[in-house]
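This report refers to the structure that appears directly beneath it.
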Amino acid sequence: QVQLVESGGGLVQAGGSLRLSCAVSGRTFSVYAMGWFRQAPGKEREFVAAISWRGDNTYYADSVKGRFTISRDNAKNTVYLQMNSLKPEDTAVYYCAADWTVGFTTAQAQEGEYDYWGQGTQVTVSS
């Protein structure tokens, strides 16, 4: 059984930073492409960022490009999302997801590509 546990969410002022972590257990982490998604109140879940299993390819939503950075440490079975220059519109529950694949395309932006999901961590950005 694969488990994903997010951490690092919280309350931050606009312009601030947060670093989210997602720890993966239960299966070989290094062969997963990993993604971050978010869901704001009253809105559908949307793609934020994805990273290939080796960490050599990344893909970002236009809304976070240049502000957020996704990375991974396969030795620690963990993926990170560094969020800088946060805006109130970044307020959402952030979810990490794992896709059992060694491939990586822009399809990583699609929820249906992912096999496993975490429970989410709340990020609130005050103005």
- Message: Testing V123, V64, T121 one by one against R38 for a side-chain contact (heavy atoms from CB on, under 4.5 Å), which residue passes?
- Response: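 The side-chain contact (heavy atoms from CB on, under 4.5 Å) with R38 is passed solely by V64 among V123, V64, T121.
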- Nearest non-hydrogen partners of A14 and S127, listed with the distance: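 So the two residues come closest at CB-CA, 4.4 Å.
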- What are the two closest non-hydrogen atoms of Q108 and G103, and how far apart are they?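 Heavy-atom minimum between the residues: OE1-O, 4.1 Å.
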- Judged by modelled atom types alone, do T78 and D73 share a side-chain donor-acceptor pair under 3.5 Å? no
Just wondering, do [Y] and [X] contact through their side chains at under 4.5 Å, heavy atoms?
{"X": "Y94", "Y": "L81", "value": "yes"}
{"X": "T106", "Y": "Y59", "value": "yes"}
{"X": "F104", "Y": "R54", "value": "no"}
{"X": "Q82", "Y": "S71", "value": "no"}
{"X": "V24", "Y": "Q3", "value": "no"}
{"X": "E111", "Y": "R45", "value": "yes"}
{"X": "N74", "Y": "R72", "value": "yes"}
{"X": "V48", "Y": "F68", "value": "yes"}

Rounded to the nearest 0.5 Å, what separates atom [atom1] in [X] from atom [atom2] in [Y]?
{"X": "R67", "Y": "S85", "atom1": "CZ", "atom2": "OG", "answer": "7.0 Å"}
{"X": "N77", "Y": "C22", "atom1": "CG", "atom2": "SG", "answer": "10.5 Å"}
{"X": "M83", "Y": "L18", "atom1": "CE", "atom2": "CG", "answer": "4.5 Å"}
{"X": "R19", "Y": "N84", "atom1": "CZ", "atom2": "CG", "answer": "11.0 Å"}
{"X": "L4", "Y": "Y116", "atom1": "CG", "atom2": "OH", "answer": "9.5 Å"}
{"X": "I51", "Y": "N57", "atom1": "CD1", "atom2": "CG", "answer": "9.0 Å"}

- Task: Please check if the distance between the ring centroids of W100 and Y32 is under 6.0 Å.
- Result: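 Yes, the ring of W100 comes within the 6.0 Å limit of the ring of Y32, centre to centre.
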- Query: Are I70 and V79 close enough, and set up right, to give a side-chain contact (heavy atoms from CB on, under 4.5 Å), and what steps lead you there?
  - Reply: CA-CA 7 Å; I70 188 171; V79 63; 4.0 Å; yes
- Message: Let me check something: do V93 and W117 share a hydrophobic cluster, defined by ILVMFWY side-chain heavy atoms less than 4.5 Å apart, either directly or through other members?
- Response: yes
- Message: Please say yes or no: joined through hydrophobic side-chain contacts below 4.5 Å, possibly via intermediate residues, are Y60 and Y80 part of one cluster?
- Response: no
- Measure from the side-chain N and O atoms of E6 to the backbone N and O of C96, and report whether any donor-acceptor pair falls under 3.5 Å. yes
- Task: Using modelled atom types only, decide if a donor and an acceptor are shared between the side chain of T91 and the backbone of V125 within a distance under 3.5 Å.
- Result: yes
- Message: Regarding D90 and K87, does a basic nitrogen lie under 4.0 Å from an acidic carboxylate oxygen?
- Response: no
- Message: Check this for me: Q119, atom CD, are more than 12 non-hydrogen atoms of other residues, nucleotides or ligands nearer than 6.0 Å?
- Response: no
- Message: Just to verify, which of W36, Y95, F37 counts as forming a ring-ring contact (aromatic ring centres under 6.0 Å, His included) with F47?
- Response: F37
